[in-house]
Every structure is written in C-alpha cells, then in structure tokens.
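Report on the structure given below.
No experiment lies behind these values; they were computed from the predicted model shown. Numbers here simply count residues along the sequence, with the first being 1.
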Amino acid sequence: MEGSSEKVIEELLDRLEKERKKIWIAKGSAEFLLVLFASLGLVSLLSIFYSNSIYFSVLKILAILTLCLGFVKFLAPVLLKKEERTKLALEIEKISPGLGEDTLNALLLMSDLNRTQRGLGVSRFLTEAHVNEVARKLKSLDLSPALPREKIKIYLKPIVPTFVLSLTVFIFAPRD
C-alpha cells in the first residue's frame, strides 16, 4: 500500500497545482487581451487626429512597447510560475487544519522511506502508516476551496466592450 499512497499524494498535489495554474493562466490571458485591445483602440483613435508618418511610427512603437509590457506583466509570470509544495500545503491547511502540516511531513517521510532503516531514524511501519493516513484524508477531502476564487468572467466583461470599441475605431481609422 505504501507505493499507492505515495502516488495518491503526488497525484492529488499535482492535480491541485495544475488546476490552480489553469486559473492563473486564464486570468493572465484575460488581462493581456484587455491591454492588447485597449492599446490597439487607443492607437487607432489617436491616428485619426493627425496624419504624419513620424507620428504613426511613434504610435506603433508605443503600441508594441505596451503589448510587450502587458505580456511581461500579466502573462509571462503566470507561465513561468512553479508552485511549491509548501504553498499547496498552506492551502490544504486552510481547508483542514493540521492536514497541511501532515502532508508536508508525509512528503518528507516519503523521501526518507528510500533510505535504510538506520538512516530513517523511525520505524518504517510508523512512516508508512502516516503516509497512508495522509493519503486517505486527502482522497476524502474536497480540494476545490484551495483553488483561487477569482472568477474569469470578471476579467472577460471589460474585454468585450474594449474589443468592440477598438475594432470600431480601427475600422474608421484613416487608411494612410
């Protein structure tokens, strides 16, 4: 049972990490799209007022810099973020007091199970029992409260009018 309990703990924590990352990526993408559409709409709107090639070049450079800043600020950190097991354990601790610490202990003990009995320092049976108990508790626990509460719909609401406005302004911008 030791091997299956280790797999259960690892799979549950991996799944929780992936679900949290999906929510963060969706949030970052929505914020980036908001910056994208707002900057394109603003550049199109500003291009209506003055028709000079240097002015358009400056506007293009500002739009590209804004898009790069939006990508670096909102999307890149989310894509590069790797959540640690300790942070996941803190989220589990908020759901069920004591279980987060037990999860961290089980993770540490699982790495110690590969050692010999002398290096372990505790009974192998006691270590396996603790890992099995934590796996049982994690399987029976609803981990959905550990997911971020931020609703993606909140971020999508401003994107639609911004997209429509930027598209309208872009269509009516001078062709020069």
Hey, what do you get for [atom1] ([X]) to [atom2] ([Y]), rounding to the nearest 0.5 Å?
| X | Y | atom1 | atom2 | result |
| --- | --- | --- | --- | --- |
| L12 | L88 | CG | CG | 11.0 Å |
| D14 | K7 | CG | NZ | 13.0 Å |
| T103 | L99 | OG1 | CG | 4.0 Å |
| R136 | L138 | CZ | CG | 10.5 Å |
| L79 | K21 | CG | NZ | 7.0 Å |
| L69 | L62 | CG | CG | 11.5 Å |

Would a hydrophobic clustering, with Ile, Leu, Val, Met, Phe, Trp and Tyr connected at side-chain separations under 4.5 Å, put [X] with [Y]?
| X | Y | result |
| --- | --- | --- |
| L90 | V134 | no |
| V131 | V8 | yes |
| W24 | F71 | yes |

Return the minimal non-hydrogen interatomic distance between [X] and [Y], and the atom names on each side.
| X | Y | result |
| --- | --- | --- |
| K137 | D102 | NZ-OD2, 4.0 Å |
| T66 | S39 | CG2-CB, 3.8 Å |
| G28 | L75 | C-CD1, 3.6 Å |

Quiz item: Is any NZ, NE, NH1 or NH2 atom of the basic residue among K22 and E19 found under 4.0 Å from an Asp or Glu carboxylate oxygen of the other?
Solution: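 No, this pair does not count.
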
Quiz item: Of all residues at least two apart in sequence or in a different chain, which pass the side chain to side chain donor-acceptor pair (under 3.5 Å) check with E11?
Solution: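 Partners of E11 by the side chain to side chain donor-acceptor pair (under 3.5 Å) criterion come out as none, since no residue qualifies.
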
Self-check item: Side-chain donor or acceptor of K27 paired with backbone N/O of F74 under 3.5 Å
Solution: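 Pair absent, no side-chain N/O of K27 close to backbone of F74.
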
Residues 91-98 side chain polar contacts: donor-acceptor under 3.5 Å, at least two apart:
from: E91; atom 1: OE2; to: K94; atom 2: NZ; distance (Å): 3.4
from: E93; atom 1: OE1; to: G98; atom 2: N; distance (Å): 3.4
from: E93; atom 1: OE1; to: G100; atom 2: N; distance (Å): 3.0
from: E93; atom 1: OE1; to: E101; atom 2: N; distance (Å): 3.1
from: E93; atom 1: OE2; to: G98; atom 2: N; distance (Å): 2.7

Practice problem: Go through the steps to decide whether E17 and R20 satisfy the test salt bridge (Lys or Arg N to Asp or Glu O under 4.0 Å), and finish with yes or no. | Solution: CA-CA 5 Å; E17 180 182 354; R20 289 171 60 90; over 6 Å; no

Practice problem: Apply side chain to side chain contact (heavy atoms under 4.5 Å, CB included) to I61 and V58, showing your working. | Solution: CA-CA 5 Å; I61 290 171; V58 170; 5.7 Å; no

